[in-house]
Amino acid sequence: CTSVLAEDSKGVLYHARNLDFGLFFGWDKAKKTWLVTEYLRPTIVNIRFKKSGQTVFMSTHFAGYVGILTALKPGRFSLTVNSRNSLDGSSTLGIIEWILGKRDAVWMGFLTRRVMETADSYAQAKQMLTGTKMLAPAYFILGGNSTMQGCIITRSRNAAIDVWERSAAANHTWYLLQTNYDHWKPPFVLDDRRTPGNKCMMAKGQASMGFKEIFNVLSSIPVLNKLTTYTALMRVDTGEYHSYRQTCKDPCPIW
Amino acid sequence: AFVPAQFTQECRSDTYPPPSSSEVEWFDVSLDEAPIIRWRHVVARRQSQIRDLLLQFKNFIRQLTGSSVYFNLVARSLTLIAPTVPQPYQDEMVGISTVTGIPLGEILLYNIFYEATNL
């Protein structure tokens, strides 16, 4: 997955993501595609969660999955989840503990759903996402509704091991880009979507930032790859939310 | 098919707006409705796609292990722990299972796929 938080030169914050899934779950030799990825794409739906007739939040789902991977609470905050693999804190122990009856940790999708339903502000969402014990590690990319809000929360099972704030980002404070590797370490050499993603963000520049250019970045190889199922574009202040099924035509990297 | 990351294309500038055929369909889900029925209209429209997806995953596990036993064992075991899933998600999954006819254990597996694949 690749998630981007970017602010244009007028102070408008955009949040976007590619959701990549299906690696190693079967390869179609004839079509040169990942099987599960291809079967996931037709299940994608956008949901408006409503209460008393009012929209509480919007999200993109694989139908039948009730948790949240991509969502926007208009005027409040936006959230995307990127997967994180960590040998020292994988979900193995958490799942075993759950089965054995120790249930103080939360399944990722249910935590994010609770955040979208109950948190009323960027700060409250951040507190819930950093402070809740989980069954598996993850990256939470959280956008706010005002200038300089936005952070990437690197989670272990027990706690946030890093919160990367936009205000603290070194060379490019106007955007943050997160793939599936800790931002303070180099990405896996065979799966570097960070460098090309950063290259494209810097080439586009802050002045031209908006849905168009973020979509172009997320449609550039290898940010777009054969695991990409959809691209979502969000803007918290106006509540704009768009998502599009994505496919990557050859020549295209397999991840 | 593999193109190493270092052989990237140029940054694209011609992909927006994407074709309308790629736009994702919208549904409303009312949190005022009982959890067991609030997803019914969504999953009813996508039940064959959900079924195909889980069947594909089941086939993958069968090819990997040489048997359907493992997948069925996991799905049956998950049915037993379904009552431990917090509400309202537990009832939502029961409702999805009822509408689609897909066993509850498989729906639960789908919903904890993040943790399962991380494992």
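If you're wondering where the values come from, they're calculated on a predicted model, not measured in any experiment. In what follows, chains carry the letters A, B, and so on, assigned in the order in which the sequence lines appear, proteins first and then strands, with residues in each chain numbered from 1.
Within the 4.5 angstrom heavy-atom criterion, atoms from both the backbone and the side chain of Leu53(B) approach chain A. At a 4.5 Å heavy-atom cutoff, the contact between Leu233(A) and chain B is made by side-chain atoms alone. In this structure, chain B has heavy atoms under 4.5 Å from both the backbone and the side chain of Arg114(A). Heavy atoms closer than 4.5 Å to chain A are found in both the backbone and the side chain of Trp26(B). Using a 4.5 Å cut-off between heavy atoms, Ala232(A) makes no contact with chain B at all. Neither the backbone nor the side chain of Glu38(A) comes within contact range of chain B; no heavy atoms are under 4.5 Å apart. Heavy atoms of Phe27(B) lying under 4.5 Å from chain A belong to its backbone as well as its side chain. If you measure heavy-atom distances from His242(A) to chain B, you find no contacts under 4.5 Å at all. Heavy atoms of Pro86(B) lying under 4.5 Å from chain A belong exclusively to its side chain. Proximity to chain A is absent for every atom of Arg45(B), based on heavy atoms less than 4.5 angstrom apart. Contacts of Thr231(A) with chain B are absent, with no heavy-atom separation under 4.5 Å from either backbone or side chain. With a 4.5 angstrom heavy-atom cutoff, Phe62(A) touches chain B via backbone and side-chain atoms both. Of the two parts of Arg113(A), the backbone and the side chain both hold a non-hydrogen atom closer than 4.5 Å to a non-hydrogen atom of chain B.
No donor-acceptor contact under 3.5 angstrom links the side chains of Asp192(A) and Tyr181(A), judged on distance only. Side chains of Asp91(B) and Gln87(B): a donor-acceptor N/O pair is present below 3.5 angstrom, by distance only. A donor and an acceptor atom, one from each side chain of Thr60(A) and Tyr241(A), are located under 3.5 Å apart. Side-chain contact annotation: Asn216(A) with Thr15(B), donor-acceptor N/O pair under 3.5 Å present. For the residue pair Asn18(A) and Arg193(A), no side-chain donor N or O sits within less than 3.5 Å of a side-chain acceptor on the partner.
Most heavy-atom pairs under 4.5 Å with chain A, from the set Val43(B), Ile50(B), Ile96(B): that is Ile50(B). Comparing Gly64(A), Gly53(A), Gly22(A), Ser52(A) by heavy-atom pairs within less than 4.5 Å of chain B, the highest count is held by Gly64(A). Top candidate by heavy-atom pairs under 4.5 Å with chain B, chosen from Gln246(A), Arg41(A), Met58(A), is Met58(A). Chain B forms more heavy-atom pairs under 4.5 Å with one residue of Trp107(A), Phe21(A), Tyr230(A), Phe211(A) than with any other, namely Trp107(A). Top candidate by heavy-atom pairs under 4.5 Å with chain B, chosen from Leu23(A), Val36(A), Leu35(A), Leu224(A), is Leu35(A). With chain B as partner, the option from Gly94(A), Gly67(A), Ser83(A) having the largest number of non-hydrogen pairs under 4.5 angstrom is Ser83(A). The candidate from Met93(B), Glu25(B), Gln49(B), Gln56(B) with the greatest count of non-hydrogen atom pairs under 4.5 Å with chain A is Gln56(B). The candidate from Thr55(A), Val45(A), Leu40(A) with the greatest count of non-hydrogen atom pairs under 4.5 Å with chain B is Val45(A).
Screening Thr179(A), Asn225(A), Thr37(A), Thr2(A) for a side-chain hydrogen bond (donor to acceptor under 3.5 Å, both in side chains) involving Asp20(A) leaves a single residue, Asn225(A).
Within the structure, side chain to side chain donor-acceptor pair (under 3.5 Å) pairs that include any residue of residues 94-111 of chain B comprise Lys58(B)-Glu106(B) (at least two apart or interchain).
A salt bridge does not link Arg12(B) with Glu213(A): every distance from a Lys NZ or Arg NE/NH1/NH2 to an Asp or Glu carboxylate oxygen is 4.0 Å or more. Using a 4.0 Å cut-off between charged nitrogen and carboxylate oxygen, Asp32(B) and Lys51(A) do not count as a salt-bridge pair. In summary, Arg40(B) and Glu33(B) engage in a salt bridge, as defined by a charged side-chain N under 4.0 Å from a carboxylate O.
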Anything under 3.5 Å between a donor and an acceptor, one on a side chain of residues 68-84 of chain B, the other on a protein residue two or more places apart or in another chain? List them.
residue: Asn72(B); atom: ND2; partner: Ser68(B); partner atom: O; Å: 3.2
residue: Ser77(B); atom: OG; partner: Leu73(B); partner atom: O; Å: 2.7
residue: Thr79(B); atom: OG1; partner: Ala75(B); partner atom: O; Å: 2.9
residue: Thr79(B); atom: OG1; partner: Gly105(B); partner atom: N; Å: 3.4
residue: Thr84(B); atom: OG1; partner: Trp98(A); partner atom: NE1; Å: 3.0
residue: Thr84(B); atom: OG1; partner: Ile81(B); partner atom: O; Å: 2.6

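Between Tyr114(B) and Arg84(A), the shortest heavy-atom distance links the atoms OH-N, 3.2 Å.
Judged by distance alone, the side chain of Thr132(A) and the main-chain N or O of Leu129(A) form no donor-acceptor pair under 3.5 Å.
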